[in-house]
Amino acid sequence: MNWTTEKRYLPYDKWPKEVLKQLQKQAARSKYQMHYHLHPISGLINDPNGFSYFNGKYHLFCQSYPFGPVHGLKSWVHFKSKDLVHWKYLGLAIKPDTMADSHGAYSGSAKTIGNKLFIMYTGNHRDKNWKRVPYQIGAWMDKNGTVQDKHILFKNPSHITEHFRDPQILKENGHYYALVGAQDSVNKHGHIDLWQSDDLKDWHELGFLKFSKHNMGYMIECPNLVKFNGKVILIFCPQGLDKKVAEYDNIYPNMYVIGDKIDWENHKIINSGKLKNLDDEFDVYASQAFNAPDGKVYEISWVGLPDTTYPTDSENWANCLSQVKELTIENGKLMQRPVPAMKSLHYDEEKISRDFVKNNVSGQYELKITIPANKQGTLHLAANEDLSQSLQIIFDTENGSLTLDRSKAGKPVSVKYGQSRIIKFAEKKELKLDIFVDHSLIEIFANDGEHVMTGRYFSNPEDQKIVLDKNSECQGKFWKIKSIL
């Protein structure tokens with residue numbers, strides 16, 4: 001399809017119903033489609049939004065363009081869950097149907113207030129000259145899942161350009177706060193803009209959040225602040241960040257800093273640390289986390305990147321979301337682990353030994369192994385018979401490195417930004433790996449979540465062999481994993 005601007009922003013009710021039905025069928029029958037991760041019912045999904053706990057359930061929304069694998073007229077679709085693993089699809093939640101979100105309901109967040117869920121998001125509006133006006137919009141969702149009372153809260157002030165989006169709603173010390181990704185109009189630098197309100201109606205700007213002495217590039221998207229054991233974790237996506245400030249390989253990184261606390265009045269994170277990659281990966285972006293009522297911190301990510309194409313574009317669907325991870329801080333390090341309910345998807349457990357070979361696996365499984373110190377080798381996934389094609393996990397516990405290489409794993413993805421990723425860890429120590437595979441998605445948790453590596457790959461669907469080097473002396477377990485949708 002020729003995706004003209006007119007086509008991308010065609011109102012939903014102008015599309016024939018049969019088109020949507022056909023797209024849904026096409027996405028469902030794809031051999032690359034995920035089965036225990038949230039994925040498009042049709043078309044494209046991207047940023048997770050409104051991740052929250054409300055009315056006894058976890059709620060998650062995400063950006064959706066249901067008519068193709070492109071970024072067009074965005075809406076929010078809605079999922080809910082009792083355990084952060086089994087999700088129920090509830091359909092369209094926020095439509096781009098007002099002046100303020102006429103060209104898309106963009107990203108935002110949600111928070112339980114009283115007996116309703118308050119939703120705050122960016123409305124993308126363009127005038128007749130195609131000039132963008134980014135409105136920050138408030139809305140309320142009741143216990144029946146109906147979103148109503150959409151209203152404008154504020155727009156970009158004159159010192160901020162049209163790049164002003166992705167608000168996170170927070171409450172602290174009796175005040176409401178919003179963190180908004182922004183670009184200043186003078187230097188065209190990326191910032192996180194902090195706003196305050198006492199009633200969710202009248203808002204005033206406090207200023208740019210101070211958390212680093214470095215220039216953050218030309219834009220910051222998806223700012224997200226959570227707390228753990230008295231510390232604060234700021235998660236964000238800087239665009240155009242100088243690699244001298246922080247190393248990264250993707251077109252845009254998803255990063256975080258840990259600080260002691262936040263000084264709201266002076267809009268500053270106290271004793272913030274170094275910028276670090278949230279995921280040492282190929283495809284994670286726009287992660288969203290929240291502090292749940294049980295005291296835990298949960299996070300989920302878009303597995304995809306802006307300005308990046310994927311092989312399933314030719315099948316008219318794109319992207320998925322990661323599994324939900326629990327965040328902790330241990331010995332000053334951010335740790336990310338699967339939530340306990342992931343174990344409920346296990347079946348057909350099998351022990352792994354040094355000569356582990358498995359043919360014709362289903363394409364959705366978990367593989368948990370421990371590699372002894374001073375070992376070198378390769379774990380081949382999605383491999384063909386002679387191992388000339390495979391997704392390779394190359395380990396070296398003598399020198400302390402782990403490499404994920406997708407250069408021989410079928411159809412290429414974003415070759416310009418490299419086909420391998422490497423992490424470093426302590427030398428001459430054992431390495432623990434918890435590996436999740438879901439047809440065209442891999443998530444690797446290394447050393448109990450000290451590092452996470454997430455990526456898409458598009459191997460021949462018939463290549464479903466697993467081979468572990470015989471001299472590795474690894475031990476572990478293998479499980480098949482049930483579907484969730």
Side-chain angles (χ1 to χ4, degrees), residues 5 8 46-49 63 70-71 74 103-104 106-109 121-127 129-136 154-168 178-195 205-225 234-257 267-269 272-279 281-288 301-302 304-309 414 416-418:
T5 298
R8 288 173 188 259
N46 56 303
D47 302 9
N49 295 154
Q63 293 285 281
V70 297
H71 295 274
K74 294 291 182 67
H103 289 72
Y106 278 17
S107 291
S109 56
Y121 70 99
T122 300
N124 181 36
H125 170 74
R126 289 185 182 272
D127 64 18
N129 297 315
W130 205 243
K131 181 181 178 181
R132 175 187 282 129
V133 180
Y135 293 102
Q136 307 314 312
F154 54 90
K155 62 184 290 293
N156 57 317
S158 60
H159 64 92
I160 292 176
T161 72
E162 65 177 28
H163 297 294
F164 185 58
R165 53 185 174 267
D166 313 336
Q168 183 198 13
L179 277 67
V180 189
Q183 179 191 70
D184 75 81
S185 58
V186 175
N187 298 307
K188 303 296 192 294
H189 289 169
H191 302 275
I192 296 173
D193 202 28
L194 185 61
W195 290 67
E205 184 186 19
L206 296 179
F208 295 147
L209 182 66
K210 296 183 278 291
F211 63 91
S212 174
K213 64 181 180 180
H214 300 289
N215 176 357
M216 289 292 104
Y218 59 78
M219 178 58 185
I220 289 180
E221 293 190 313
C222 306
N224 206 231
L225 184 78
L234 178 67
I235 300 170
F236 60 102
C237 297
Q239 295 186 335
L241 181 69
D242 190 328
K243 292 186 179 182
K244 294 178 182 178
V245 175
E247 293 184 6
Y248 63 95
D249 293 310
N250 295 342
I251 181 173
Y252 307 121
N254 202 157
M255 311 206 87
Y256 74 92
V257 296
H267 37 93
K268 179 180 181 180
I269 293 181
S272 59
K274 294 182 179 179
L275 274 68
K276 295 183 179 180
N277 286 295
L278 184 66
D279 196 298
E281 41 61 50
F282 292 105
D283 298 295
V284 157
Y285 195 79
S287 300
Q288 187 165 104
S301 305
W302 169 28
L305 288 171
D307 306 324
T308 303
T309 59
S414 196
K416 178 181 178 181
Y417 298 96

### Query
Does Lys268 NZ have over 12 foreign heavy atoms under 6.0 Å away?
no

### Query
Is it true that the side chains of Tyr121 and Gln136 contain a donor and an acceptor less than 3.5 Å apart?
no

### Task
Measure centre to centre between the rings of Trp195 and His267, then say whether the value is under 6.0 Å.
no

### Summary
In this structure, CZ of Phe211 is separated from NE2 of His191 (nearest 0.5 Å) by 9.5 Å

### Task
Kindly indicate, with the supporting measurements, whether the criterion side-chain contact (heavy atoms from CB on, under 4.5 Å) is fulfilled by Tyr218 and His163.
CA-CA 10 Å; Tyr218 59 78; His163 297 294; over 6 Å; no

### Message
Take a 6.0 Å sphere around NZ of Lys274 and say whether it holds more than 12 heavy atoms from other residues, nucleotides or ligands.
### Response
no

### Query
Of the non-hydrogen atoms in Asp166 and Pro223, which two are nearest, and what is the gap between them?
O-CD, 3.6 Å

### Query
Do we see a donor-acceptor contact under 3.5 Å between the side chains of Asp307 and Tyr252?
yes

### Query
Under 4.5 Å between any side-chain heavy atoms of Leu234 and Ile269, yes or no?
yes

### Min side-chain heavy-atom separation Ser158-Ser185 under 4.5 Å
no

### Message
For Lys243, I'd like to know if atom NZ has over 12 heavy atoms of other residues, nucleotides or ligands within 6.0 Å.
### Response
yes

#### Entry: Ionic contact status for Arg165 with Glu221, cut-off 4.0 Å
yes

### Task
Would you give the length of the straight line joining atom NE2 of His71 to atom CZ of Arg8, rounded to the nearest 0.5 angstrom?
8.5 Å

#### Entry: Pair Asn250, Glu281: side-chain N/O donor-acceptor within cut-off below 3.5 Å
yes

### Task
Taking the six-membered ring for Trp and the full ring for Phe, Tyr or His, determine whether the centres of Phe282 and Tyr417 are under 6.0 Å apart.
no

#### Entry: Atom of Glu247, atom of Asn277 and distance for their closest heavy-atom approach
O-ND2, 2.8 Å

### Task
Examine distances only and state if a side-chain atom of Gln63 and a backbone atom of Pro48 form a donor-acceptor pair shorter than 3.5 Å.
no

### Task
To the nearest 0.5 Å, tell me how far Ser301 OG sits from Asp283 CG.
11.0 Å

### For Phe164 against Met219, the heavy-atom pair lying closest together
N-CE, 4.3 Å

### Message
Once rounded to the nearest 0.5 Å, what's the spacing between atom CG of Asn187 and atom CG of Asn215?
### Response
8.5 Å

#### Entry: Nearest atoms (heavy-atom pairs only) where Tyr285 meets Asn254
C-OD1, 3.3 Å

### Query
Do Thr161 and Gln183 have side-chain atoms, one donor and one acceptor, less than 3.5 Å apart?
yes

### Query
Just how far is it from atom CE of Met255 to atom OG of Ser287, taken to the nearest 0.5 Å?
12.0 Å

### Task
May I ask you to check whether His159 and Phe208 place their ring centres under 6.0 Å from each other?
yes

### Query
Hey, does the side chain of Asn129 reach the backbone of Lys131 with a donor-acceptor pair shorter than 3.5 angstrom?
no

### Query
Side chains of Asp184 and Ile160: closer than 4.5 Å at any heavy-atom pair?
no

### Summary
NZ (Lys74) and OG (Ser107) are apart, to the nearest 0.5 Å, by 7.5 Å

### Query
What are the two closest heavy atoms between Gln239 and Pro306, and how far apart are they?
NE2-CG, 4.4 Å

### Task
Flag the pair Leu225 / Leu179 as yes when at least one side-chain heavy-atom distance between them is below 4.5 Å, and no otherwise.
yes

### Message
Applying side chain to side chain donor-acceptor pair (under 3.5 Å) to Asp47 and Gln288, what does each step give before you reach the verdict?
### Response
CA-CA 8 Å; Asp47 302 9; Gln288 187 165 104; over 6 Å; no

### Message
Check whether Asn124 reaches the backbone of His103 with its side chain - one donor and one acceptor, N or O, closer than 3.5 Å.
### Response
yes

### Query
Can you name the closest pair of heavy atoms from Ser212 and Leu275 and give their distance?
OG-CD1, 3.9 Å

